[in-house]
Each structure stands twice: as C-alpha cells, then as structure tokens.
Asks: 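The following block contains the structure, expressed as structure tokens.
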Amino acid sequence: MKTFNKNINILCLVAMLFATLGCSDFLDEENKTFESDVVARLDPAFFDQLVAEVYDRMRGVTSAYDLEHTGTDIFTRGDIIAGISEINDYVNLRPVNGAVSNHWYVNYRLISAVNTAIDRSEEIVGLTADKKTIGIAEAKFFRGFAYFSLVEQFGGVPLVLNEIRTAQFEFVRNSEQEVYDQIILDLNDALQGVLENPSAYGRVSKNAVRHLLSKVLLTKGYKSFGTPADFTQAAALAETVISAHPLVNSYASLVSRENQRNSEVIFSVLYGSSPVSRGVGNSRHLLFKFVYDVYPGQTRSTLYHRGLGSAPTPFFYSLFAEGDQREAATVRRLLLAEVSNPDANIMAGDTSIYFPKTPWSQAVIQSKPYVVVNPANYFIPNGFTQVQYPMFRKFDDPGVPYTNPGINPDGERDAIIMRSGETRLLAAEAYLQLNNSAKAAEHLNAVRARAGLNQPIAAGQVNIDLILDESARELAGEVSRWMDLKRTGKLIERVLAHNPHAALNNAIKPFHLLRPIPQTEIDYTGGTLTQNPQYN
C-alpha cells in the first residue's frame with residue numbers, strides 16, 4: 001500500500017505522476033523491473049491491474065470517516081463538553097482543515113485511478129471486448145461513488161474525466177447540476193456493463209449500481225434541479241435491489257464476523273487475513289470506543305480495541321426501545337475483566353465496567369466492586385478517563401492485534417458498504433416524498449420486525465424524523481450520517497438538538513452545508529478554483 005502526503009495537491013499530483021509514464025529514456029541505466037507503457041500495452045493483464053487499483057483506492061475513500069460521522073446528531077467528539085472543534089462543533093472551520101483536505105484527496109485519488117483504467121483500456125492490445133466492457137463499467141461505478149461524496153460535501157467540483165498525462169494547474173468548478181448529470185451518466189453506463197451476479201465475491205454487481213443510483217436520485221430529488229421523477233425512479237431501483245437481497249433474519253447474525261457475507265449484503269470492500277492483499281487493513285473495529293484499558297481488570301485487548309476518537313451521543317443511546325435487538329448487537333454495555341486485579345477485587349472474567357441503560361442509584365453503584373457509569377456521566381471525568389460510554393461492538397474483529405492511532409489497524413473484516421437494510425430505508429424515504437406513506441411504512445416495518453419490534457408503524461406516523469431515527473438504529477457507523485441529514489434538510493436542526501458539543505457552541509450555520517474547498521487546491525490552481533461562500 002502506497003503512502004502519500006495528504007497535503008499534496010491531488011489534481012497536480014495526478015498530472016505529474018502520469019506525465020512520466022511514457023518516457024522510454026527516463027533512466028540512463030537499464031531497469032529490469034520497470035514495466036514501460038510499451039510493454040504494458042501488450043499485456044491484457046495490465047488492464048486487470050488498473051481495475052484492481054481502482055478497487056484498492058476505494059478503501060481509502062470508505063475509511064475517511066471524519067466528514068461522514070462527526071458533527072451529526074448521533075456522533076460527536078470524544079471529549080468533555082467544553083472547548084471547540086472545527087468539524088464537530090462547526091467553530092472556525094477553515095480551508096486548511098486536515099479532514100477536509102483528506103476527504104478531497106482520497107476521492108480524487110480514486111477518480112484518477114478510474115480515469116487511467118478507462119483511458120488506457122483503449123491502448124491495450126489483446127484486451128477482450130467483454131473484459132473491457134465490464135472493467136470500464138466497474139470503474140465508472142466508483143467514479144460515480146466518489147463524485148457523489150464530493151458534490152455533497154463541497155458542492156460543485158471540477159469534473160476530471162480523463163487521465164492527466166501532462167502537468168495542468170487550471171481547474172474550475174462545474175456546477176452541482178453538472179456533477180449530478182455526470183454521476184447519473186456514469187452509473188447508467190455502469191448498470192449496462194457490470195454483471196448481474198459476478199462470480200467473484202466483492203466485484204460490483206448491477207444491484208450495487210442500482211442501490212447507489214437510487215441514493216443519488218433520492219438526493220437529487222430534493223435539489224432545485226430535481227423532480228418528482230427522481231423519487232419515483234429511486235423507489236423503483238430500490239425495489240429491484242430489495243427483491244434480490246432479502247434481510248437476514250437476525251440483526252445479531254447480520255453483524256457477526258462469521259456471517260459477514262450474506263444475502264443482505266450488496267457490496268463490500270474486502271480485506272481478509274493476508275497481510276499482502278489487505279493493505280493497512282480495515283479500521284472500522286476501532287470506531288466509537290474510549291480508552292478503556294486504564295480501568296481495573298483491563299488491558300490492551302484484541303477484542304475491545306482502543307478507538308479512533310468520535311463518540312456516540314446520548315441521543316443515539318436513547319433511540320433504542322425496549323426489545324430492539326439492534327441495541328445489544330450494536331453497543332457493549334458490559335466489559336469483562338481480561339486480567340486479574342486483586343487490589344481492585346476483580347479477577348479475570350469478572351465484570352469490570354458496566355453502563356446501565358437507566359440510571360442506578362448511588363447506593364447501588366457503591367455496592368459494586370466494578371465501575372458503573374450512568375448515562376448522564378458519559379462526558380464527565382470519573383477518575384479513570386475523561387469520557388466513557390457504551391462502546392460499539394457491531395464492527396468487532398476479535399483477534400486482530402491491538403493498535404494505537406497512527407499504526408496500521410490490520411482489520412480483517414469486510415467493510416460492508418451497501419446492504420438492503422439501507423435500501424429499505426431509501427425506498428421508505430422516496431415513497432414518503434411521493435406521498436405514499438403506506439409503502440414507506442411497509443419498508444420501515446420490515447426493518448423493525450427483523451429487529452424484534454412487532455408493533456408496526458402506521459402510515460400516518462411516517463415522517464422524515466421517524467425515518468432518520470430508524471436509520472440511526474439500523475445503520476449507525478455504516479453510512480454517511482452527515483449526508484443523510486443534509487439531504488433531508490435536517491442537519492442544523494438535529495445537530496443543535498442532539499449533539500452536546502455542537503449545541504454548546506451553537507455555531508453551525510447554513511453555509512456549513514458545504515465544506516470549504518481545501519486551500520492547497522485553490523493555491524495550486526492560482527485561484528481558478530473558487531472557494532465556497534463565507535470560508536474566505
């Protein structure tokens with residue numbers, strides 16, 4: 001896995017990298033390991049390598065979490081409720097923010113690989129028509145994915161649709177509508193070219209394209225350039241996907257590592273146990289966890305794992321009704337001691353930390369030999385840690401070595417990117433926008449019934465907040481919560497209502513519905529790339 005300086009301008013980087021590929025006399029001495037353009041063009045397997053690079057770069061896109069989760073109603077920063085933060089609290093969010101720059105970087109890095117695969121397919125001798133069609137279609141799926149993330153985070157962005165082989169510095173922003181038009185064009189091309197049921201697990205299927213296109217059209221339907229037809233098509237695409245990907249009977253089974261490849265999964269980014277093929281590894285098992293290993297009976301575990309920083313909000317924990325099986329499968333309220341600590345009267349296997357769902361009295365807490373943290377105290381220092389809360393378990397990867405931040409996470413689980421639990425919720429939202437609350441309720445009730453909630457939602461109860469609450473319970477940490485809130489027009493309202501740090505600072509404003517364009521990108525273009533309003 002290559003490592004890149006995230007501060008390098010991605011558009012210029014692509015230009016400089018590929019400007020050198022055609023130089024046959026670049027080195028004075030003969031290089032036996034260098035595969036030149038001339039050699040590569042004669043080998044059809046080179047196209048497989050180009051497409052594989054596209055898949056590999058998708059890993060970087062789907063592990064850039066900061067702009068997807070933090071600063072929403074269900075995820076906040078893992079700090080005491082004080083101070084300020086650019087991303088979570090929307091205080092002094094600047095064009096030099098590292099998370100913003102990284103999000104731009106990883107998506108354009110994916111796009112550059114896509115463009116290279118597409119353009120160079122025309123030059124490869126012996127490449128069969130079928131392999132070329134499928135590979136290009138897969139690549140266009142990923143380009144649509146990347147541009148969808150970019151346009152929602154930044155608004156109109158430069159459409160770069162060809163490999164850059166000479167240095168270029170002047171890039172201008174296309175309009176948001178133009179970017180959407182290109183995304184839809186790419187996804188329709190992808191739908192025509194990819195296989196319905198690829199033989200190799202992890203390859204893009206038609207249903208993966210349909211799912212993404214449904215989400216894109218649903219989002220477009222809310223825009224000034226959207227139409228009701230977008231909602232109609234989004235619902236129809238979702239129905240096709242749902243019919244082919246039935247929900248797993250048990251939510252606990254769905255999120256277990258042993259059953260991670262199941263009927264509900266539409267598309268996953270694969271990692272696995274081989275250190276060669278998995279690269280730096282999946283990092284989802286580190287999400288939404290606190291520094292637990294300083295507690296009596298705890299150590300740096302290959303099960304619990306220290307987290308990446310963001311924390312669930314108290315509102316998130318409050319969303320689970322009695323009997324909702326997703327709660328126990330998603331969060332861990334009980335941590336067992338992994339080592340003995342006689343001084344604290346805790347032996348390995350005993351309860352070490354417990355987070356009751358409803359508050360315990362102080363008398364009961366004092367009677368226990370282990371640490372008890374009531375819901376009101378998640379963000380209050382307790383003598384061990386600054387913050388502490390029920391940790392996510394739905395992404396657990398038992399046995400993966402404990403790693404500190406900055407070290408390869410080495411997670412082996414697949415990263416599930418699309419599953420029909422989400423497709424059901426997309427369909428419900430599309431039907432709601434079409435004033436078909438009965439169909440919306442039908443999809444919501446399918447998801448709820450799988451979770452063990454047998455009291456059905458009536459059509460008259462369905463509104464966008466109910467759908468967002470259901471999405472939080474079903475999909476927390478799996479999809480971009482920020483994009484969901486933005487799409488539905490609920491970002492500002494729900495952040496101020498439910499994110500304690502953001503509410504403290506009360507800084508989020510309508511202009512925060514777009515992120516700032518990274519300043520390095522503007523500087524490298526000499527100002528042809530313009531900034532979003534109120535970030536100058």
Side-chain angles (χ1 to χ4, degrees), residues 75-82 252 255-258 284-318 320 322-405 407 409-411 476-477 500:
F75 296 116
T76 188
R77 54 186 165 98
D79 302 315
I80 61 172
I81 303 175
V255 301
S256 70
R257 185 170 68 170
E258 292 70 29
R284 286 193 177 189
H285 62 290
L286 303 177
L287 290 174
F288 318 123
K289 297 181 176 182
F290 67 96
V291 184
Y292 71 93
D293 55 283
V294 296
Y295 283 75
Q298 294 301 337
T299 186
R300 296 187 170 188
S301 168
T302 61
L303 171 61
Y304 297 142
H305 291 282
R306 183 179 293 190
L308 286 176
S310 294
T313 62
F315 170 70
F316 171 74
Y317 297 110
S318 75
F320 295 95
E322 193 68 31
D324 192 330
Q325 297 168 7
R326 292 171 294 191
E327 180 176 22
T330 300
V331 299
R332 175 179 282 107
R333 293 187 174 275
L334 170 67
L335 274 72
L336 298 178
E338 297 201 285
V339 294
S340 297
N341 188 325
D343 292 340
N345 195 28
I346 291 179
M347 304 300 290
D350 291 348
T351 297
S352 173
I353 314 171
Y354 185 63
F355 298 89
K357 185 174 176 66
T358 57
W360 284 8
S361 70
Q362 195 59 35
V364 172
I365 291 174
Q366 289 177 345
S367 71
K368 304 299 181 183
Y370 49 84
V371 176
V372 176
V373 183
N374 278 332
N377 297 326
Y378 290 168
F379 294 94
I380 298 176
N382 66 356
F384 294 102
T385 45
Q386 293 287 300
V387 297
Q388 49 286 314
Y389 43 82
M391 301 200 299
F392 259 48
R393 68 187 304 171
K394 71 190 292 187
F395 305 129
D396 278 357
D397 208 350
V400 170
Y402 179 99
T403 55
N404 280 313
I407 301 174
D410 287 335

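Here the structure is a predicted model, which is why all the values come from computation and not from measurement.
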Asks: Any side-chain heavy-atom pair from I81 and T76 closer than 4.5 angstrom?
Replies: no

Asks: Would you call D396 and R257 a salt bridge, using N to O less than 4.0 angstrom?
Replies: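 Judged by the 4.0 Å cut-off on N to carboxylate O distance, D396 and R257 do not form a salt bridge.
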
Asks: Can you confirm whether N345 is buried at CG, in the sense that more than 12 heavy atoms of other residues, nucleotides or ligands lie under 6.0 Å from that atom?
Replies: no

Asks: If I take atom CD from residue E327 and atom CZ from residue R333, how far apart are they, to the nearest 0.5 angstrom?
Replies: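 Separation between the atoms: 5.0 Å.
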
Asks: How long is the straight-line distance from CD of Q386 back to CZ of F379, given to the nearest 0.5 Å?
Replies: 12.5 Å

Asks: Could you tell me how the ring of Y370 sits relative to the ring of Y354: parallel (under 30°), tilted (30 to 60°) or perpendicular (over 60°)?
Replies: perpendicular

Asks: Measure the shortest side-chain to side-chain distance between L335 and M391 over non-hydrogen atoms and say whether it is less than 4.5 angstrom.
Replies: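 SC-SC contact between L335 and M391 confirmed.
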
Asks: When rounded to the nearest 0.5 angstrom, what is the spacing between CG in L303 and NE2 in H285?
Replies: 10.5 Å

Asks: Answer whether the closest heavy-atom distance between the side chains of R326 and V255 falls below 4.5 Å.
Replies: no

Asks: Counting distance only, does the side-chain N/O of S310 pair as donor-acceptor with the main-chain N or O of F288 below 3.5 Å?
Replies: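 No, S310 side chain to F288 backbone: no donor-acceptor pair under 3.5 Å.
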
Asks: Rounded to the nearest 0.5 Å, what separates atom NZ in K357 from atom OG in S318?
Replies: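 Spacing of NZ (K357) from OG (S318) equals 7.5 Å.
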
Asks: State, to 0.1 Å, how close A252 and A329 come at their nearest heavy-atom pair, and which atoms those are.
Replies: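 Smallest heavy-atom distance, with atoms named: CA-CB, 4.0 Å.
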
Asks: Could you pull out the closest heavy-atom pair between V339 and T299, with the gap in Å?
Replies: CG1-CG2, 4.0 Å

Asks: With a 3.5 Å cut-off and no angle check, do the side chains of Y295 and T385 form a donor-acceptor pair?
Replies: yes

Asks: According to the interplanar angle, ranging from 0 to 90°, do the rings of Y292 and Y304 count as parallel (below 30°), tilted (30 to 60°) or perpendicular (above 60°)?
Replies: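 The arrangement is perpendicular - the two ring planes meet at more than 60°.
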
Asks: Determine whether a donor-acceptor pair (N or O, by modelled atom type, separation under 3.5 Å) exists between the side chain of S352 and the backbone of P296.
Replies: yes

Asks: For V291, is there any backbone N or O sitting under 3.5 Å from a side-chain donor or acceptor partner on Q298?
Replies: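 The answer is no, because no donor-acceptor pair under 3.5 Å joins these two groups.
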
Asks: Taking C-beta and beyond as the side chain, do F392 and V331 meet within less than 4.5 Å on heavy atoms?
Replies: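 With C-beta onward as the side chain, the pair touches.
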
Asks: Rounded to the nearest 0.5 Å, how far apart are CZ of F395 and NE2 of H305?
Replies: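 The distance works out to 14.0 Å.
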
Asks: Aromatic ring centroids of Y378 and Y317 under 6.0 Å?
Replies: yes

Asks: How close do L286 and T403 get, counting heavy atoms only, and between which atoms?
Replies: CD1-OG1, 4.3 Å

Asks: Could you measure the distance from the CD atom of Q366 to the OG atom of S361? Nearest 0.5 Å is fine.
Replies: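 Going from the CD atom of Q366 to the OG atom of S361 covers 8.5 Å.
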
Asks: May I ask you to decide if I380's main-chain N or O and Q388's side chain share a donor-acceptor pair within less than 3.5 Å?
Replies: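 Confirmed, Q388 side chain pairs with I380 backbone.
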
Asks: Do the side chain of N382 and the main chain of F384 share a donor and acceptor less than 3.5 angstrom apart?
Replies: yes

Asks: Within the structure provided, determine whether I365 and N374 are in side-chain contact (heavy-atom separation under 4.5 Å).
Replies: yes

Asks: Decide yes or no for L334 and L336: does some side-chain heavy atom of the first lie under 4.5 Å from some side-chain heavy atom of the second?
Replies: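 A side-chain contact exists here, since the closest heavy-atom pair is under 4.5 Å.
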
Asks: Over 60° means perpendicular and under 30° means parallel, so classify the ring planes of F320 and F316, tilted if in between.
Replies: perpendicular

Asks: Would you check if the distance from the ring center of F355 to the ring center of Y389 is below 6.0 Å?
Replies: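 They do not qualify: ring centres at least 6.0 Å apart.
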
Asks: Hey, does P500 have a side-chain heavy atom less than 4.5 Å from the side chain of P314?
Replies: yes

Asks: Identify the heavy atoms of A348 and S340 that sit nearest to each other, and give their distance.
Replies: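 What the structure gives for the nearest pair is N-OG, 3.1 Å.
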
